[in-house]
Each structure stands twice: as C-alpha cells, then as structure tokens.
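What follows is one structure encoded as structure tokens, with my remarks underneath.
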There are 2 protein chains.
Amino acid sequence: MKEICICPRLSKAMDLLGKRWTTLILYQLLEGPQRFNEIESALPISGRLLSERLKELEKEGIVERAVYSEVPVRVEYSLTEKGLALEGAIREVEKWSKIWIN
Amino acid sequence: MKEICICPRLSKAMDLLGKRWTTLILYQLLEGPQRFNEIESALPISGRLLSERLKELEKEGIVERAVYSEVPVRVEYSLTEKGLALEGAIREVEKWSKIWIN
DNA sequence: ATTAAATAGTTACTTTTCGTAAGTAGATAA
DNA sequence: TTATCTACTTACGAAAAGTAACTATTTAAT
C-alpha cells in the first residue's frame, strides 16, 4: 500500500489488521497465551498462513513468541502491550457483528 | 472462509472488513457522502478495486449508491445505518494507530 | 459533423497472496 | 527401527490485487 493520502497511521494499521486472519488470530489470543496448534485448531486457517501471520505480528511487536524446551517442545504466543491495546477495537467489531451480522 | 470455529459473526464481519481497502473506504465515507472519483482520489486505490469493493459493500447493506442524472452524471456513495454503526470500531482502530503506529 | 472533456466505471494482463496437502526436524517412546 | 508429537516449511495450482488502457454517455466547442 502506498499510504499517501488519508490518515497514514490508520492506513499502516490496516496494512496489518486488514490482512486475512490477522484480526481473528488476535481475537483468539485475547483469550490468553496459546500454542501454535491451539490457534490452528480454533480457526479455519492452515499452518502455512498461521506461521506467516504470527511472524508478521511478532515483527510488528504485537505478538510475542516463547519457546519452552519441553518434550515435545512447547511454543506459546501471546499479545504484547501493543497487541493488548487492540482489544477495544476488536471488541467494537465484535459488538457490531452481534447486532448487524446475520 | 469456512467460519466454523470461534465467533461466526465476527468471522463473517472480518470477511468484509478484513478485505483490502474496505475499512479505509468506510473511514473515508464517515466524512459524508462522496462521489466515486472523490474516494478514488482520497485513497491509493484503483478504479477497478474501488468499484468491486463498493459493490460488495452495497450488497451487504453497508453502503448506498445514489445516481443523480446531471451532466455529467453524478453518483454518490454514502453509509447506511449499518455502515454508520461501524464508526465506533473504526475510531478505535484510528485511536490505536495514533498511539502505536510509527 | 467532428473532436474534446468530464464522470463512472470496465477490460486485459501481470504479480502477489492464499489454500491445500504433503513433507521436514528434533526429541522421545515402543 | 518405526512411530509419535509439536511446530513448522515446501511446492504448486487457484484466487485476488495492481496497473494501465479503454468504454459509455452526454454536452460543448471548432
């Protein structure tokens, strides 16, 4: 996106949040830290895309990745402060969807 | 999207709002009714996609299309009640982006 | 009569992203 | 040695997005 016009910050935000699955992944993580497979099971997303999205979100400082060297290995993803700050926005969409969808 | 797991309404909502440009188009329409070219100029979007998105939003009852038979023709797009109801969610993302982006 | 100008799109084509299914890696257990 | 578990990665065909040029309609100008 070229994000020249309009509000450039919102534009940047939507580059992230407007990507397929991103908001649903964050919504899922609002439940608390979760493992790769837990998220994968909770959403109709494939491992390929989940992996891709989590990397993007980690790079943006929205999600944190923690590896626990157990057997087998456990990897947990959680929201950072920046990620948690999105709760208000996500809840608003949830509210809207409860009223206006279907 | 298969939208089986998680909240199916949120999932459906994100099918719409999570599409590229959709939220920015709605944000732009929060300024008031606007013509095709106005929206096109305000965002770095092409006519092809703008046309596609507006049709989707119209089909979902989020946006209304009004044709005025002037010369040359004037076509205005505006938010319906359902569309206006998204303002809270969009403003929350805007707020977040002002704090956390860049 | 022909050309130009303005708005609101549409078409054709290339590039990027997504979806699906199968495969990999590293460590243990049978 | 084979199987199992988790967390990914790879390969590839399909769908969506980006870009630029083109169309339709009506009026005005040359």
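Here is how names work: the chains are called A, B, and so on, in the same order as the sequence lines, proteins then strands, and each is numbered from 1.
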Looking at the side chain of [X], which of [options] is the nearest nucleotide?
X	options	value
Trp21(A)	dA7(D), dG19(C), dC18(C)	dG19(C)
Glu52(B)	dG9(C), dA17(D), dA7(D)	dA17(D)
Pro72(A)	dG19(C), dA8(C), dC5(D)	dC5(D)

* Asked: Does a side-chain heavy-atom distance below 4.5 Å link Gln34(B) with Gln28(B)?
  -> yes

I want to check one thing: is the phosphate of [N], taken as OP1 and OP2, less than 4.0 Å away from some side-chain N or O of [X]?
X	N	value
Lys55(B)	dT10(C)	yes
Ser51(A)	dT9(D)	yes
Ser46(B)	dT19(D)	no
Arg74(A)	dC5(D)	no
Arg35(A)	dA7(D)	yes

* **Evaluation steps, salt bridge (Lys or Arg N to Asp or Glu O under 4.0 Å), between Glu94(A) and Arg91(A)** => CA-CA 5 Å; Glu94(A) 193 186 11; Arg91(A) 296 293 179 207; 3.1 Å; yes

* Asked: Heavy atoms under 4.0 Å, any strand shown: does Tyr77(A) hit a base, just sugar-phosphate, or nothing?
  ->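 Contact class for Tyr77(A): sugar-phosphate only.
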
* Asked: With sugar-phosphate meaning primed atoms plus P, OP1 and OP2, does Glu40(A) contact a base, only sugar-phosphate, or nothing at under 4.0 Å between heavy atoms?
  ->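 If one applies the 4.0 Å heavy-atom cut-off, Glu40(A) turns out to touch nothing in the nucleic acid.
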
* Asked: Above 12 or not: heavy atoms from other molecules or residues under 6.0 Å from CD of Glu81(B)?
  ->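 For Glu81(B), atom CD is not crowded (no more than 12 foreign heavy atoms under 6.0 Å).
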
* Whole angstrom value for the distance that separates P of dT7(C) from CZ of Arg65(B) -> 16 Å

* Got a donor-acceptor pair under 3.5 Å from the side chain of Arg48(B) to the base of dT11(C)? ->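 Answer no: no donor N or O sits under 3.5 Å from an acceptor.
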
* Out of curiosity, Leu29(B) CG to Glu76(B) CD, how far, rounded to the nearest 0.5 Å? ->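 Here the rounded value is 10.5 Å.
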
